[in-house]
Amino acid sequence: MTRLSAFTAPGRFWRGNLHTHSTRSDGVLPPEEVCRRYRDEGYDFLALTDHFIGSYGYPIVDTTSFRTNRFTTILGAELHSGAMANGELWHILAVGLPPDFAPSDSPTFLPKPGQETGAEIAARAVAAGAFVAIAHPQWSGLTLADARAIEAAHAVEIYNHGCATGCDRPDGAAIADLLLTEGRRLSLIATDDAHFSEPDHFGGWVMVKAEENEPEALLAALKRGDFYSSQGPELRDVVVEGDRVVVECSAAVSVVAMGHGTGAKAVHGHSMTRAAVPLARLNDSPWLRVAVIDAAGKRAWSNPIWLR
Ligand SMILES: [Zn+2]
Ligand SMILES: [Zn+2]
């Protein structure tokens, strides 16, 4: 029996958005109002991750004064350095950066000769204590080689709500599945990437299992993969029992298990809160992950389970 760590770790689930912008870069709302909106929408925590670009003054916005006794913030930024294969600048999400994280040589959104590569700045962020994710793979037009190069990454954005509303290129599932198939033990995050310039907020979040709603505890849980991602549905348990994966969730119409290659199997029903998905069609994949879809089409995604 293998149960996802989010459902064995002590504590409770805390809801948070890991990718957000403000007027400290190209967002529309000031940091205080961004934090207020997430707090008053019932989020437990927020990472404000403005663009770490010279023209914005390399912001790592101090959001500590917006914390309350039921809402916390994690310092972070979206890092930009080096070119992807398509010649455009890397976007790499870093949550849990120290406020004095050294600026890159990234004056604008155009790559510059001699600046750090995406892989180098990602590694520097991890060394500084951050949880690092490859942002919006589909919108960026990432190649598999691009994504593979970010060896320090903890996670891939499986869903970016801003990219859903702004360009109908929301997901990172294809590239994440290819990296998992190469043996990379990555987790999967849903984020807003909210700028509040369009309906790009409150659409994708993480549910992190931790004993306290404190930045250090949340960061450690993120790095361990003790979380799931959602647009609405709740995951309550994911456990592999023999030749099936048993999923408990809020009412769903489909529960899908996926592995390498074409390996996948769905169970469909009405208002299902439990489904046992047989694994025979997953072709002996060494990993599997679960997606749950509700009647409104909203999804939740588990992190991968490694079976060997
Ligand atoms: Zn971005
Ligand atoms: Zn962003």
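What you are looking at is a predicted structure, and each value in this text was computed from that prediction instead of being measured. Atoms within a ligand are numbered from 1 in the order they appear, just like the ligands themselves.
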### Task
Taking the Zn ion (ligand 1) as the reference point, name the nearest N/O/S atom of Glu78.
OE2
### Under-4.0 Å salt bridge between Asp294 and Lys298
no
### Query
Any luck finding a side-chain donor-acceptor pair between Glu78 and His91 under 3.5 Å?
yes
## Note on the structure
min-distance N/O/S atom, His91 vs the Zn ion (ligand 1), resolves to ND1
### Query
For the Zn ion (ligand 1), does an N/O/S atom of Asp193 lie at less than 2.8 Å?
no
### Message
How long is the straight-line distance from NE2 of His21 back to OG of Ser197, given to the nearest 0.5 Å?
### Response
9.5 Å
### Message
I'd like to check Tyr159 versus Leu188 (side-chain heavy atoms, cut-off strictly below 4.5 Å). Are they in contact?
### Response
no
### Message
Under 2.8 Å from the Zn ion (ligand 2), can any N, O or S atom of His51 be found?
### Response
no
### Heteroatom test (N, O or S) for His195 near the Zn ion (ligand 2), limit 2.8 Å
no
### Test: Glu234 and Arg236 ion pair at under 4.0 Å
yes
